[in-house]
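Fair warning: this is a prediction, and the values are worked out from it, not measured in the lab.
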Amino acid sequence: MKITRKDFLRISGLSLLAAGCKRAAESVSQPASSVRAASTQPVRWGMVIDLSKCREKDGCNACIHACNAAHNIPQIANHAHEVKWIWTEPDATVFPSAQTDFAPQTVTETKVPLLCNHCANPPCTRVCPTQATWKRDDGIVMMDWHRCIGCRYCVAACPYGSRSFNFEDPRPSIESINPDFPTRTKGVVEKCNFCEERLARGLKPACVDACPQRVFTFGNLADPESEPRQLLRERFAVQREPELGTGPSVFYLV
Amino acid sequence: MNALYSLLAVLALVLAGFACGQGAPARMVLATFVPYAAFAALLIGFCWRVARWAFVPVPFHIPVTCGQQKSLVWIRFAKIDNPSTRWGVVSRMAAEILLFRSLFRNNRARLSGGRLILGESASLWLCSLAFHWTLLLIMLRHLRLFLEPVPAFVNALERLDGYFQIGVPPLYFSDVILVSAMTFLLFRRFRDPALRYLSLFSDYFALFLLLAIAVTGILMRYFTRVDILSVKQFALGLAAFRPGASQALSALFLCHLLLVCALAAYLPFSKLMHMSGVFLSPTRNLANNSRSQRHINPWNAPVKTHAYVEWEEEFRDKMQAAGIPLEIENETEDAGNARTN
Amino acid sequence: MLMLDKALKGSRRYWMWLLCLLCVIVAGLCFYLRQLNQGLGITGLSRDVSWGLYIAQFTFFVGVAASAVMVVLPYYLHREKQFARVTILGEFLAIVSVIMCILFIFVDLGQPSRVLNIILYPSPRSLMFWDMVSLSGYLLLNAIVAFVTLRAEREETPAPRWIKPLAILSIPWAISIHTVTAFLYSGLAGRSFWLTAILAPRFLASAFSSGPALLILLCLALRKLTAYDVGKDAIRKLAVIMTYAMTINVFFVLVEVFTVFYAAIPEHTVHFEYLYLLGGGHNLAPWMWVSAIFAIAALVILFTPAWRRTQLPIACILVFTSLWLEKGLGLIVGGFVPSPLGAIAHYAPSLPEWTIVAGIWSVGAFLITVFYKIVLSVREEVES
Amino acid sequence: MRDRVWIFAGLAFFVAALTCPAWYAVANGKASNKSKPPNLELPANQKECVAPAGTMRAAHMQMLIQWREDVVRHGDRRFVAFNGKVYEKSLTRTCLGCHNKEQFCDRCHAYSGVSDPYCWNCHNDPQTVAGSRTRSTP
């Protein structure tokens, strides 16, 4: 098969040109222009976690299992090398500054689900030296595992411990690989991506769908009529360490 | 002028390559006949040159070297720079061939305030070293096209060369180093008036030709793209004496091929023969032991000598008769005495 | 003949030393290849302590590199002639330190094959980008200044005029490399241990004492091993610089300690408690106390007139070790433990990690030996 | 005189190195069929790729990188092919949906001496993954 001049022009010239223009455009307008930017309505994906519902079914890890299966998250025995996208910690650990001296033990010891907060002003994307992690126009803090050099500056910058580093090859520690989602390679940082790949297909995040208690409410925070916004209007919610000015998009109903 | 002519010559070759890419008969000639002719020229020419050198007598044992020669036991001598044994010579040759030892001594003479200064000049050594090593690496990498199955070391070289993930296909660092080193070597000749005066057509031609080969190769790999499958088929066909050019081979590839053929055919008749010549340089490949061993040149014609002792012997009677004092009064008794004198 | 040729002619002792260093380098390289193959899991690093010995060593050697300014500044700006024989040694020390810094960063990367992404996708919002710019610029500046002046010296011609502006430019640049390195840490909202404006001044103070301490030790070693003497004046001046920088450094640490403990915000105190609380089972605490005691001991020696000259080598070793422990170990690990979620994760560098670090130290020692050898041979040749 | 042995030995080595492709072919016993390309298994269920075969051969890597940038960084997953067909920009779903990695990608890469790209460090081959899954679960 001969490559005609037309082919040559199309594949090399145009793609190079297009890539160059795109690069130039990106550098001028700071955040990468996403397709959704074209739509008139702004989007900021967010999540509300109802802890009272979660407390009702203590010890249920359906959300974690769903996430692990969907994203090929390795189950590494060595705690030091663990990879976590969504996991649970005691209430006192998650909200250290929101504890009162005489709070009931049931509250302080309840397990609270944690995940990346997809901050409005994320410290991790600020420090990344290669723009391997960045905030999309729809508020999702994304990771580009092709570009990450593994410097772990974002791990140091994240105040929520949401980022994990692949200290070893994750593949041997994955029970069954979901071919639709890439595994990661050793030496890159990863974290929750708000199931960006499911959102693109019009689905809700895996944890949201998997929860039997409907603890998670996911939606567009920029839309005043969305489900999470209605919940936040009705009930008192907290964010993790709001005093750091990061503006988490994950809210907890206590 | 020399530079311009050689540039034009290389450009003519490039154009010829492109022109061959257009017509089917020309393609056939270029893809089947030319490589064999060039390769035959390379092999025969190379062997012929080396064989001729092998039969040239080395007239002297040339001790022109650097460093202290081996002499008295308490004087430290340069074992590698001025070897006295065969192993010393081997290490000196290795330093010369692998590290360009003698070029390492290069310095640039200049006048400053009426004073001659032999200044630093690391760039020539560094760039030529970089150029030659990357050229070797690139040639070894090309073996992937000629050998099936591809040997593991060729794959390893390829992975190492493209280790840093820059673009697709990954950028080879050897390509970058080769082209920048060659550009330096070229501009070195333009920059210095003395060097420009010394440079001949052949100096520029070799540089331009190699540069053109590198550039066409780089263009193919990173910009216009080439169907590597047909290239490999073509290369394997050449090796198996079953040549045949697929239609998928682009004009640029044929151009690259023609330039390589030109280089191969030109090599035995050019200064590029320093490739084998370096092994035969007598100032490098001979041990400097002429003080401890007598080297007799086997080709020397026998020289008729007539020493004083012989002369005295011849005229002994006449000298004695004339009362002229003799060095050796009596052959048998005073021989030792005379020797001490 | 190239100046590099001078490095090829040396005594047996010189070659043995280089050979020993080469062995350590090879050992480090072997472990590094293993790290490349298996990932950073072979180090002592963990999810909670994601930076360790490598980055700590990087930070420490940025300081050593920056300290070259302490000889360049008096020599080029104040024309202090005492520094004539030591300035170039300081510059080469800076060059070698920056090379070591780059190596420490490189071995810390999880995906070293993508390291050039820092240049391919430059991100001016990241301080790591600026650190790369400032470090490579500093390396270039020092390399040009050192090699060009040395070459001029060898050719017995005056150094070109444009060298002086470059040397003077390297002064603020030296300040910038360590300031930017401090900003790497002090700009992180979640890490309260580093979240203090005094971090950059502290870094500079510790740099200006650890760097001269190392330089004095190197000069003394040169005096002992070779005929080269930088002169008493130069060493005394360097010692004075080291003394005051160390004093300021200790003062800065105490200022920090006061603020943290008097304000008593748990987020801030926990890190100090982790680092200094003996008996808490924290493996770092004894070393931090060694660092503190060494610092005090060094100051006592340096401020006692009878000792400051006779015991100078010991004082230098104390200063260097103290700061190496404080900056090359405590500062980075202390920032990670306890983690933002309150987890106390113990960090102890593993054998591969130590060996790789030793390998990089040996690269540094190898390069400094070769560079100093060239400098000394050139000076010897010119003087004879 | 004695040196001629060395010179001709060196020359013989050089000639042998230069002609190694021919010897290699003989040694591997494939002189008869060695110039044949590898047997690349083409998908049975599809006749057309996302671009003409020549383009794909020469520039599939560039296209994959372009897709990667589009999907990961711009959320753009729709690819309109030269013939107007619409595909999803996905290595696993689109490319490997038809092609077999081992019998297509790997074979050609091995033949042309292109070492395995880092794609496979993370991206999965659905067929081998499915195979291992059935093996591991009894």
Chemist: C:Gly41, C:Gly190, C:Pro112: which one forms the most heavy-atom pairs within less than 4.5 Å of chain A?
Modeler: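 Winner by heavy-atom pair count: C:Gly41.
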Chemist: Identify which part of C:Leu36 has an atom lying under 4.5 Å from any heavy atom of chain A, answering side chain, backbone, both or neither.
Modeler: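 It is the backbone, since no side chain atom gets that close.
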Chemist: Under a 4.5 Å heavy-atom cutoff, which of A:Ala156, A:Ala92, A:Pro123 has the most pairs with chain C?
Modeler: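 Of A:Ala156, A:Ala92, A:Pro123, A:Ala156 has the most heavy-atom pairs under 4.5 Å with chain C.
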Chemist: Below 4.5 Å from any heavy atom of chain A, which atoms of C:Ile105 appear? Answer side chain, backbone, both or neither.
Modeler: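 Neither part.
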Chemist: Can you say whether C:Pro266 sits under 4.5 Å from chain A via the side chain, the backbone, both, or neither, judging by heavy atoms?
Modeler: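 For C:Pro266, no heavy atom lies under 4.5 Å from chain A.
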Chemist: If I compare all heavy atoms of A:Ile149 with all of C:Asn117, which pair ends up nearest, and what's the gap?
Modeler: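 Nearest heavy atoms, A:Ile149 then C:Asn117: CG2-CB, 4.0 Å.
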Chemist: Among C:Ala343, C:Ser339, C:Ser123, C:Gly44, who wins on heavy-atom pairs under 4.5 Å with chain A?
Modeler: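 Of the candidates given, the most pairs with chain A belong to C:Ser123.
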Chemist: At a heavy-atom distance under 4.5 Å, which candidate from C:Ile118, C:Leu40, C:Ile55, C:Val115 has the highest pair count against chain A?
Modeler: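 Counting heavy-atom pairs under 4.5 Å, the top option is C:Leu40.
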Chemist: Ignoring hydrogens and angles, tell me if any N or O in the side chain of C:Arg114 forms a donor-acceptor pair with the backbone of A:Cys148 under 3.5 Å.
Modeler: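 Yes.
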Chemist: I need the residue from C:Pro340, C:Ser113, C:Gly187 with the largest number of non-hydrogen atom pairs under 4.5 Å to chain A.
Modeler: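 Answer, by heavy-atom pair count under 4.5 Å with chain A: C:Pro340.
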Chemist: Can you tell which part of A:Phe165 gets under 4.5 Å to a heavy atom of chain C, answering side chain, backbone, both or neither?
Modeler: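 A:Phe165 touches chain C through side-chain heavy atoms alone.
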Chemist: Let me know if C:Phe183 has heavy atoms under 4.5 Å from chain A in its side chain, its backbone, both or neither.
Modeler: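 C:Phe183 touches chain A through backbone heavy atoms alone.
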Chemist: Measure C:Leu188 against the heavy atoms of chain A and call it side chain, backbone, both or neither at under 4.5 Å.
Modeler: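 Just its side chain gets close to chain A.
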Chemist: Can you give me the closest heavy-atom contact between A:Cys151 and C:Trp51, atom names plus distance?
Modeler: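 Heavy atoms only, the tightest pair is O-NE1, 2.8 Å.
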Chemist: Is a donor on one side and an acceptor on the other found under 3.5 Å between the side chain of A:Arg152 and the backbone of C:Asp108?
Modeler: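 Side chain of A:Arg152 to backbone of C:Asp108, a donor-acceptor pair under 3.5 Å: yes, one is there.
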Chemist: Among all residues two or more places apart in sequence or in another chain, which pass the salt bridge (Lys or Arg N to Asp or Glu O under 4.0 Å) test with A:Glu190?
Modeler: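 In terms of salt bridge (Lys or Arg N to Asp or Glu O under 4.0 Å), with neighbours along the sequence ignored, A:Glu190 is linked to A:Arg184.
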Chemist: Against chain A, label C:Ala345 side chain, backbone, both or neither, depending on which of its atoms sit under 4.5 Å from a heavy atom there.
Modeler: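 Contact with chain A is absent: no heavy atom of C:Ala345 under 4.5 Å.
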Chemist: Is it the backbone or the side chain of A:Cys128 that comes under 4.5 Å from a heavy atom of chain C, or both, or neither?
Modeler: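 For A:Cys128, the backbone is the part near chain C, not the side chain.
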Chemist: Quick check: closest heavy atoms across C:Leu341 and A:Tyr160, and the distance to 0.1 Å?
Modeler: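 Nearest heavy atoms, C:Leu341 then A:Tyr160: CD1-O, 4.1 Å.
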Chemist: Does the C:Gln38 side chain pair with the main chain of A:Glu168, one donor and one acceptor, at a distance under 3.5 Å?
Modeler: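 Between the backbone of A:Glu168 and the side chain of C:Gln38 there is no qualifying donor-acceptor contact (under 3.5 Å).
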Chemist: At their closest point, which heavy atom of A:Gln131 faces which heavy atom of C:Pro122, and how far apart are they?
Modeler: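 Nearest pair, atom of A:Gln131 first, then C:Pro122: NE2-O, 3.2 Å.
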Chemist: Can you list the residues of residues 81-89 of chain A that sit under 4.5 Å from chain C, counting heavy atoms only?
Modeler: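 When heavy atoms of chain C are the reference, residues 81-89 of chain A contributes A:His81, A:Glu82, A:Lys84, A:Trp87, A:Glu89 within the under-4.5 Å range.
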Chemist: Look at the side chain of C:Gln111 and the backbone N and O of A:Lys186, then say whether any donor-acceptor pair between them is shorter than 3.5 Å.
Modeler: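 At least one qualifying donor-acceptor pair exists.
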Chemist: Can you check whether A:Gly161's main-chain N or O pairs, donor with acceptor, with C:Arg47's side chain at less than 3.5 Å?
Modeler: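 Yes.
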Chemist: Looking at C:Thr43, C:Ile119, C:Leu45, C:Asp48, which makes the most heavy-atom pairs under 4.5 Å with chain A?
Modeler: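 Heavy-atom pairs under 4.5 Å are most numerous for C:Leu45.
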Chemist: Using heavy-atom distances under 4.5 Å, tell me whether A:Arg163 contacts chain C through its side chain, its backbone, both, or neither.
Modeler: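 Contact with chain C is through the backbone of A:Arg163 alone.
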Chemist: Which heavy-atom pair separates C:Ser50 from A:Val155 by the least distance, and what is that distance?
Modeler: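 Looks like OG-CG1, 3.4 Å.
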Chemist: From A:Thr130 OG1 over to C:Leu116 CG, what is the distance, rounded to the nearest 0.5 angstrom?
Modeler: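 Going from the OG1 atom of A:Thr130 to the CG atom of C:Leu116 covers 12.0 Å.
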Chemist: Which pairs, with at least one residue in residues 181-203 of chain C and sequence neighbours excluded, count as a salt bridge (Lys or Arg N to Asp or Glu O under 4.0 Å)?
Modeler: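 Passing the test, one end in residues 181-203 of chain C: C:Arg202-C:Glu326.
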Chemist: Do C:Met132 and A:Pro129 have side chains that approach each other closer than 4.5 Å (heavy atoms only, starting at C-beta)?
Modeler: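 Not in contact.
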Chemist: For A:Tyr153 and C:Leu127, indicate whether the former's side chain and the latter's backbone hold a donor-acceptor pair under 3.5 Å.
Modeler: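 Such a contact is absent between A:Tyr153 side chain and C:Leu127 backbone.
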Chemist: List in chain and number order the residues that pass salt bridge (Lys or Arg N to Asp or Glu O under 4.0 Å) with A:Asp144, two or more places apart in sequence or in another chain; answer none if no residue qualifies.
Modeler: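 For A:Asp144 the salt bridge (Lys or Arg N to Asp or Glu O under 4.0 Å) partners, ignoring immediate neighbours, are D:Arg73.
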